[in-house]
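Written out below as structure tokens is the structure these notes cover.
Everything numeric here is computed off the predicted structure, so don't read it as measured data. Counting from 1, the numbers follow the sequence of the chain as shown. We use all heavy atoms of the structure for the numbers below, so side chains are in, but hydrogens, waters and symmetry mates are not.
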Amino acid sequence: MRACVPLIVAMLCSLAWAGKMESCASRCNEKFNRDAACQCDRRCPRHGDCCEDYDQLCTEDPNEPEPFLELEEETEAPSSHLYSAPSSCRDRCQEAFDRHQPCHCDARCPEFGNCCKDFESLCGHEGFSYSSDAITKEELQSISEKIYRADTNKAQKEDVIINSQNRISPSETRDQVDCCPEPLFTYVNEKLFSKPTYAAFINLLNNYQRATGRGEHFSAQQLAEQDAFLREVMKTAVMKELYAFLHHQNRYSSEQEFVSDLKNMWFGLYSRGNGEEDSSGFEHVFSGEVKKGKVTGFHNWIRFYMQEKEGLVDYYSHIYDGPWDSYPDVLAMQFNWDGYYKEVGSAFIGSSPEFEFALYSLCFIARPGKVCQLSLGGYPLAIQTYTWDKSTYGNGKKYIATAYVVSSTQ
């Protein structure tokens with residue numbers, strides 16, 4: 001296992017090679033090279049460290065660099081087509097278009113004549129105008145910008161100070177080397193945590209056992225804490241924007257229906273192992289789990305900070321740092337959680353609980369099991385969700401298996 005190059009040595013090497021490695025000639029799509037004066041890998045446009053001739057020599061479209069992917073999450077979470085009957089619309093009504101399916105159940109399939117045979121019988125009762133109720137990419141980008149602007153509870157730069165330290169290449173994430181001697185969080189203004197949505201969110205984090213295969217059993221108090229969290233977030237401008245958008249899209253007829261669905265999709269229990277009801281979307285995404293000796297989920301900065309403060313999280317490195325100059329920002333990192341490794345874990349940094357909850361919910365509702373293209377502060381950002389299809393609630397509705405940031409392109 002190779003050792004991490006100390007920061008000072010890396011800086012000296014970079015200076016030594018600067019005269020030789022300032023061009024992308026013969027270097028297009030090479031791996032990230034910390035010793036080079038500038039980069040020619042597919043991700044350099046996002047990080048702003050490309051050589052001056054990168055666009056000319058390495059890409060026909062510099063606006064489409066390859067996104068990073070959370071491979072651990074992809075293999076952990078089941079995608080819809082593994083469990084749904086491909087020739088039927090059962091449990092698939094209003095799902096996003098999937099070119100891998102032999103027939104479709106999305107809102108626009110009647111226009112293209114590629115619906116499954118039982119589309120009308122199974123999906124017609126939904127009451128949507130199939131030609132007009134599909135949520136477009138442009139609409140998703142518009143509502144995500146509104147949610148971004150509405151997040152008045154987010155941290156300010158002086159509230160959260162991070163020390164991201166060493167960036168590694170994606171090929172190095174499996175090495176499990178601690179490249180960062182200092183904690184990720186240098187300072188957090190904990191007065192943030194007294195705000196109603198933060199306090200309600202934090203109350204939920206100790207209600208779970210992280211190991212899958214162990215059943216979750218909630219007390220009356222813990223169930224009340226779920227309801228309290230939903231009440232508090234629904235008071236915010238962020239969630240009011242989201243509900244108004246989905247109501248306009250005919251997805252929900254009332255706020256009560258919306259909140260009820262949020263509670264089921266996020267807090268409903270299902271089994272990831274041994275037949276026990278041991279998991280939920282909320283536990284997986286925000287609190288984190290351990291399965292087969294690996295960390296899965298765990299995509300929340302507040303949880304990370306609190307566990308790091310207790311000495312339970314050891315920050316190793318990062319492969320991506322978002323382009324935002326203010327919060328919320330995005331970091332894709334590697335870390336050890338009390339003896340278990342997370343190979344790639346993305347998280348918003350400095351965001352309010354309602355902001356993350358809103359964006360993940362939006363993408364799960366609009367693009368279940370798919371990549372959801374959003375826009376935040378003028379920068380594109382994508383969220384991947386997966387549905388849990390081994391069990392359902394209501395009339396065949398699906399639970400959230402996971403949701404996380406997968407790419408941010410420039």
Side-chain angles (χ1 to χ4, degrees), residues 147-164 182-210 218-219 221-242 259 262-263 266-267 280-289 295 297-315 322 324 326-331 333 335 337-338 342 345-361 376 403-405:
I147 289 171
Y148 178 78
R149 292 192 296 270
D151 188 17
T152 57
N153 278 337
K154 66 183 178 181
Q156 302 302 309
K157 273 298 185 182
E158 62 270 19
D159 292 326
V160 177
I161 300 174
I162 66 170
N163 181 12
S164 59
E182 301 297 326
L184 173 63
F185 287 94
T186 301
Y187 170 77
V188 172
N189 180 2
E190 294 193 5
K191 290 182 179 179
L192 285 170
F193 300 160
S194 64
K195 293 185 176 184
T197 57
Y198 285 80
F201 175 81
I202 290 169
N203 284 341
L204 295 170
L205 296 178
N206 63 355
N207 293 349
Y208 299 98
Q209 304 180 74
R210 71 175 184 173
F218 298 126
S219 67
Q221 174 63 32
Q222 290 171 334
L223 291 172
E225 288 171 353
Q226 295 175 7
D227 291 331
F229 172 73
L230 290 169
R231 279 197 307 272
E232 290 302 331
V233 296
M234 288 305 299
K235 294 176 184 177
T236 66
V238 162
M239 291 299 289
K240 289 184 184 299
E241 286 281 4
L242 176 59
V259 173
L262 288 174
K263 184 172 182 179
W266 279 105
F267 294 102
S280 69
F282 186 91
E283 176 185 7
H284 182 87
V285 173
F286 294 108
S287 183
E289 296 179 301
V295 178
F298 202 137
H299 298 289
N300 179 257
W301 74 272
I302 299 171
R303 174 69 163 166
F304 191 103
Y305 164 73
M306 296 179 74
Q307 292 286 283
E308 187 177 62
K309 183 179 178 181
E310 292 182 26
L312 298 176
V313 162
D314 184 3
Y315 170 66
W324 293 272
S326 60
Y327 293 128
D329 202 349
V330 174
L331 194 69
M333 51 197 165
F335 59 91
W337 185 23
D338 198 20
K342 179 70 172 178
S346 62
F348 287 105
I349 305 293
S351 55
S352 68
E354 61 265 29
F355 174 84
E356 296 181 43
F357 194 68
L359 288 192
Y360 291 146
S361 298
L376 300 182
Y404 54 89
V405 178

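- Rounding to the nearest 0.5 Å places CD of Glu289 at 9.5 Å from OH of Tyr208.
- Between atom NE2 of residue His284 and atom NE2 of residue His299 there is a gap of 5.5 Å, rounded to the nearest 0.5 Å.
- Considering every non-hydrogen atom in both Ala347 and Met333, the closest pair reads CB-CE, 3.9 Å.
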Verdict with supporting geometry, Asp227 and Lys263, salt bridge (Lys or Arg N to Asp or Glu O under 4.0 Å): CA-CA 8 Å; Asp227 291 331; Lys263 184 172 182 179; 2.8 Å; yes
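- The structure places OG of Ser351 at 11.0 Å from CG of Asn153, a figure rounded to the nearest 0.5 Å.
- Using the six-membered ring where Trp is involved, Phe229 and Phe201 have ring planes that are tilted, between 30° and 60° apart.
- A donor and an acceptor atom, one from each side chain of Ser352 and Asp151, are located under 3.5 Å apart.
- Checking Glu354 against Thr236 by side-chain atom types alone, no donor-acceptor pair falls below 3.5 Å.
- Using cut-offs of 30° and 60° for the angle between ring planes, the Phe286 and Trp266 rings count as tilted.
- Rounding to the nearest 0.5 Å places NZ of Lys154 at 13.5 Å from CD of Glu356.
- Proximity of Gln222 to Phe267: side-chain heavy atoms (C-beta onward) are nowhere separated by under 4.5 Å.
- Side-chain atoms of Ser346 never come within 3.5 Å of backbone atoms of Tyr404 as a donor-acceptor pair (strictly under, hydrogens ignored).
- In this structure, Phe304 and Tyr315 have perpendicular ring planes: the angle between them is above 60°, well past the 30° mark.
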Gln156 vs Tyr327, side-chain contact (heavy atoms from CB on, under 4.5 Å): CA-CA, chis, key distance, verdict: CA-CA 6 Å; Gln156 302 302 309; Tyr327 293 128; over 6 Å; no
Pair Leu359-Phe348, side-chain contact (heavy atoms from CB on, under 4.5 Å): steps then yes or no: CA-CA 11 Å; Leu359 288 192; Phe348 287 105; 4.0 Å; yes
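- When atom types are taken as modelled, the side chain of Glu182 and the backbone of Asn163 share no donor-acceptor pair closer than 3.5 angstrom.
- Looking at Trp324, its side chain does come within 3.5 Å of a backbone N or O of Leu376 through a donor-acceptor pair.
- The two residues Gly345 and Lys342 make their nearest non-hydrogen contact at CA-CE, 3.6 Å.
- No side-chain heavy atom of Tyr305 sits under 4.5 Å from any side-chain heavy atom of Ile349.
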Intermediate values then yes/no, side-chain contact (heavy atoms from CB on, under 4.5 Å), Ile162 and Asp329: CA-CA 11 Å; Ile162 66 170; Asp329 202 349; over 6 Å; no
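- Expressed to the nearest 0.5 Å, how far CG of Leu242 lies from CD1 of Ile147 amounts to 5.0 Å.
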CA sep, side-chain torsions, deciding dist, call: Phe282, Gln226, side-chain contact (heavy atoms from CB on, under 4.5 Å): CA-CA 10 Å; Phe282 186 91; Gln226 295 175 7; over 6 Å; no
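- For the pair Arg210 and Ser287, the minimum side-chain heavy-atom distance is 4.5 Å or more.
- Counting heavy atoms from C-beta on, the side chains of Pro353 and Ile302 come closer than 4.5 Å.
- Here CE of Met306 is found 7.5 Å from CD of Glu190. Values are rounded to the nearest 0.5 Å.
- Ring orientation note: the planes of Trp301 and Tyr198 are nearly perpendicular, at an angle over 60° on the 30°/60° scale.
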